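Source: prediction; values computed, not measured. Below, chains carry the letters A, B, ... as their sequence lines are ordered, and counting in each starts from 1.
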Amino acid sequence: MQKYSVFSLVKNAFTNHENWEVAWKDPEPKKEYDVIIVGGGGHGLATAYYLAKEHGITNVAILEKGWIGGGNVGRNTTILRSNYMFDSNAHFYEFGMKLWETLSQELNYNVMYSPRGIINLAHSDAQMNAYARRGNSMRLNGIDAILLGRDDLKKMIPFADFSETCRFPIHGGLMQPRGGTARHDAVAWGYARQADSMGVDIIQNCEVTGFDVNNGKIEGVQTSRGNIKTKKVGLCVAGSTTLLADMLNMRLPIEAHVLQACVSEPVKPLLHNVVTFGAGHFYCSQSDKGEMVMGGDLDGYNSYAQRGNMPMIQHVLTGGLAVFPNFSRLKMLRTWGGIMDMSMDGSPIIDKTHIEGLYLNCGWCYGGFKATPSSGFVFAHTIAQDQVHELNSDFNLERFHTGKIIDEKGVGPKPWIG
Amino acid sequence: MLEIKCPYCGKRSQNEFSYGGDATIKRPQLGEEISTEDWDNFVYYRDNPRGKHSELWHHVSGCRQWFKVSRDTATHEIFDTCKMNEDFNV
């Protein structure tokens, strides 16, 4: 594989950039693989990468119905954080944060990791107390957290509404300085390029239409490009998980919902952190191109449509304008939607299943992007070793029977409320 | 914008309603022998279909009645709505 560096850039400049190697190949599917990953999104590509790198399993295929990176890894708001209170989440996401910090070097691909800090605004004394508690829990788990006062925030986001008579006055906030953003497409492409270089076949335009299961063991998958044998299959298909599980007669604690995001026209540098409004559901960061990247609530009803509805955009942006009134002058550039695999406790499922050789990676709710490296890492371990990694041992399917659910938000099994 | 026909008030905009989830799940009967699995299925497990979905909606900014909607989860088309004690015609 060609190494990307300033020297290769200069060298290729002399030939008008016409001789770059392809970043990944376009192979025909083989008859058999050691492991098949269904879904060429961030998690699937990362899983294949870590299977090859950490476990030496390179006879791997990624089957993608469309094109790689065309689903949620290309539709999210690119936020990275590990500001969780529960131990299972905190350890898992913090492990991921550490992978993010060196990911560009590891992949030899600039994922534009930007630890610009994520700030959760608080709008009442009670919320400040709750944030102090969460911040303390984070620090006890070795995660960085700073409690900010109103005066600190006036310096950081002076254009926010700091009037004392507004409906939701800003009392302070909780900040994770190492949180931030990364270039989402680059993450998919970087993992794809490295996985491909180690021998993984990335097979696009290949839809899985069925599974061959015999005596409780997986033996292969049926696809739009023929049948492929394998002993191990990992599902990384986010919002489409139920559609594949239906083919296996598996019922899951998951509902599909559409989540929208939007960007404004690009403007000069204004917002230097990721900021979330604490009295509604609105979050925002400014992209390197200058666009305000904004998101908020689910549309609020089951949906498999990768597009949403205007009432929720209006609702989210109303919250946004409450905290940043000057955004009212911005023009909207684009809105789009992605299908969230909303689990019933708001936490992911990374586990083995009752079918031998079938592994499940789903239930990412709003938060799949930041988990891309850690999810790939532990899922690769789960598949390669046929046992869960310490970091995903709590993200099991069994918890919906034992009651040991991980309900960070505590809203109950009603995903559209969370 | 969804246009939802409340069986009591007629067609109104989505803004007047709130969602109540899958209408097909049934709480296990009180007083009967119930397995833990039945409870788990009731609380956590859903069919989550791509296509026709029966769901509950609440006309929260209108007559405040709960009712059932049959809607396509892929196209958002609404086939029919009916009262809680009725069945869909379509």
Is atom [atom1] of [X] surrounded by more than 12 heavy atoms (other residues, nucleotides or ligands) closer than 6.0 Å?
| X | atom1 | value |
| --- | --- | --- |
| Trp39(B) | CH2 | yes |
| Gln314(A) | CD | no |
| Lys65(A) | NZ | no |

Show your working on side-chain contact (heavy atoms from CB on, under 4.5 Å) between Leu2(B) and Tyr301(A) and close with a plain yes or no. CA-CA 11 Å; Leu2(B) 300 178; Tyr301(A) 42 82; 3.8 Å; yes

Walk me through it: do His401(A) and Tyr44(B) pass the test side-chain contact (heavy atoms from CB on, under 4.5 Å)? CA-CA 9 Å; His401(A) 299 291; Tyr44(B) 295 120; over 6 Å; no

Taking ring-ring contact (aromatic ring centres under 6.0 Å, His included) as the definition, give me every residue that meets it alongside His257(A), ordered by chain and number, with sequence neighbours left out. none

What residues of residues 241-256 of chain A make heavy-atom contacts with chain B at a cutoff under 4.5 angstrom? Thr242(A), Leu243(A), Arg251(A), Leu252(A), Pro253(A), Ile254(A), Glu255(A), Ala256(A)

Counting only heavy atoms closer than 4.5 Å, note whether Ile313(A) contacts chain B via side chain, backbone, both or neither. neither

Of the backbone (N, CA, C, O) and the side chain (C-beta and beyond), which part of Ile405(A) lies under 4.5 Å from a heavy atom of chain B, both, or neither? side chain

Shortest non-hydrogen contact from Arg307(A) toward Ala74(B): NH2-O, 3.7 Å

Part of residues 4-26 of chain B lying next to chain A, heavy-atom separation under 4.5 Å: Gln14(B), Asn15(B), Tyr19(B), Gly20(B), Gly21(B)

Residues in residues 45-66 of chain B that sit under 4.5 Å from chain A, counting heavy atoms only: Tyr45(B), Arg46(B), Asp47(B), Asn48(B), Pro49(B), Arg50(B), His53(B), Trp57(B)

May I ask you to decide if Thr73(B)'s main-chain N or O and Asn302(A)'s side chain share a donor-acceptor pair within less than 3.5 Å? no

